[in-house]
Amino acid sequence: MRMLVVLTSLIFLLPAVVAAQEEAAPRATIFGGYSYLRNSGSSSFNGWEGQGTFNFSRHFGITADINGNYRTLASFSLLPGVSVTANQSVYNFLFGPTATTSFGRTSVFAHALFGQALSNLGGGISLPIIGGFGHALFGQALSNLGGGISLPIIGGISSGVTSATAFAMAFGGGVDIGLSRHFAIRAAQVDYLRTNFSSADALSTGLFGNTNGRQNSFRYSAGIVFRF
């Protein structure tokens with residue numbers, strides 16, 4: 001008889017426990033952190049990533065993702081304290097569905113994101129007293145190649161030389177380790193990132209090893225997650 005009472009109580013309590021778990025699932029998450037990008041041309045970039053996800057249910061949501069990655073293509077010293085650099089930057093603006101499952105405070109997610117990539121090539125000059133500045137050589141949205149001049153005390157000036165945009169998509173996922181109800185550490189997010197810069201745009205913006213009309217890249221990210 002006692003066992004029957006216990007089993008009956010569990011049956012009635014189970015829906016309440018499940019409902020409580022559903023209520024505990026975050027309605028939205030915001031991620032910010034470090035991003036490492038390596039493309040098929042063996043070029044490595046370092047940068048940042050920001051991401052926001054709105055969850056329609058416990059397991060499904062929609063994600064907006066923005067990231068910027070940067071590298072120095074070349075640097076030349078003209079005089080002591082004066083240098084000229086060629087810099088490349090790649091930005092991605094992506095949007096798409098995300099599926100998430102949770103194990104306590106730890107969450108595992110996967111997403112498929114689509115949008116636009118911007119590649120820039122620029123130049124800059126560095127001067128030991130003033131700082132730095134740069135100027136674009138050619139103009140086109142979202143992908144730039146430029147140069148700049150840097151002066152050590154005041155700063156630097158830089159400007160884009162060329163830029164181009166292309167379709168982009170990313171497929172991947174990651175793991176968030178919960179520290180509390182509202183904070184987590186994104187231990188790893190790994191994505192396959194595909195961009196479709198034309199051969200001319202790839203060459204003009206510094207993607208020298210990716211001139212076949214498509215660029216295959218690996219992206220790793222880690223940082224802090226806020227849950228709401």
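Hydrogens, waters and symmetry mates are skipped; everything else that's a heavy atom, side chains included, is used.
- Relative ring orientation between F171 and Y192 is described as parallel, the plane-to-plane angle staying below 30° on a 0-90° scale split at 30° and 60°.
- Using a 4.5 Å heavy-atom cutoff, the side chains of F183 and R227 are not in contact.
- Distance check, rounded to the nearest 0.5 Å: CZ of F54 to CZ of R27 gives 5.0 Å.
- Within 6.0 Å of the CD1 atom in I224, the count of heavy atoms belonging to other residues, nucleotides or ligands does not exceed 12.
- Checked by atom type and distance alone, the side chain of N212 pairs as donor or acceptor with a backbone atom of R214 at under 3.5 Å.
- Residues F95 and F114 place their aromatic rings such that the two centres sit no closer than 6.0 Å.
- Heavy atoms only, all atoms of each residue included: N92 and A117 are closest at OD1-CB, 3.3 Å.
- In this structure, F167 is not a member of the same hydrophobic cluster as L207, with clusters built from ILVMFWY side-chain heavy atoms closer than 4.5 Å.
- Without hydrogens or angle criteria, Q51 side chain to I30 main chain gives no donor-acceptor distance under 3.5 Å.
- Stacking of R186 on the aromatic ring of F31 is recorded, both the 6.0 Å distance cut-off and the 45° axial limit being met.
- The shortest side-chain heavy-atom distance between L193 and F218 does not fall under the 4.5 Å cut-off.
- One N or O on the side chain of T162 and one on the backbone of S204 form a donor-acceptor pair closer than 3.5 Å.
- Judged by distance alone, the side chains of T63 and D65 never bring a donor and an acceptor atom under 3.5 Å apart.
- V225 places none of its side-chain heavy atoms less than 4.5 Å from the side chain of I185.
- Shown here for D176 and A184, the closest heavy-atom pair between the two residues is CB-CB, 4.3 Å.
- In this structure, W48 and Y70 have side chains that are in contact, with non-hydrogen atoms separated by less than 4.5 Å.
- Put simply, CG on N216 and OG1 on T195 are 8.0 Å apart, with the number rounded to the nearest 0.5 Å.
- Under a 3.5 Å cut-off, the side chain of N55 and the backbone N or O of P26 do form a donor-acceptor pair.
- Closest approach of Q88 and T205 over heavy atoms only: NE2-O, 3.1 Å.
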Test side-chain hydrogen bond (donor to acceptor under 3.5 Å, both in side chains) on T85 and S75; report intermediate values, then the result. CA-CA 4 Å; T85 60; S75 180; 5.9 Å; no

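- Remark: H59 NE2 to T100 OG1 distance equals 9.0 Å, nearest 0.5 Å.
- Taking CG from L94 and CD from E49, the interatomic distance works out to 8.5 Å, rounded to the nearest 0.5 Å.
- No side-chain N or O of N69 forms a donor-acceptor pair with one of Y36 less than 3.5 Å apart.
- Residues T98 and I62 fail the side-chain proximity criterion, which asks for heavy atoms closer than 4.5 Å.
- S221 contributes atom OG, which lies 6.5 Å from atom CG of N67 (distance to the nearest 0.5 angstrom).
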Check step by step if side chain to side chain contact (heavy atoms under 4.5 Å, CB included) holds for R38 and R219. CA-CA 7 Å; R38 186 173 181 85; R219 183 177 70 172; over 6 Å; no

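- Counted by atom type alone, Y220 and S35 present zero donor-acceptor pairs between their side chains at under 3.5 Å.
- Aromatic ring pairs are classed by plane angle as parallel below 30°, tilted from 30° to 60° and perpendicular above 60°; the pair F93 and Y91 is parallel.
- The two atoms that bring S217 and L37 nearest to each other are CB-CD1, 3.7 Å, heavy atoms only.
- Looking only at side-chain heavy atoms (C-beta outward), S43 and R71 come within less than 4.5 Å of each other.
- F109 CZ to T29 OG1: the interatomic distance, rounded to the nearest 0.5 Å, is 8.5 Å.
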Can you check side chain to side chain contact (heavy atoms under 4.5 Å, CB included) on R105 and L179, steps first, answer last? CA-CA 7 Å; R105 289 179 174 173; L179 303 179; over 6 Å; no

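- By the neighbour-count criterion of 12 heavy atoms within 6.0 Å, atom CZ of F60 is sparsely surrounded, having that number or fewer from other residues, nucleotides or ligands.
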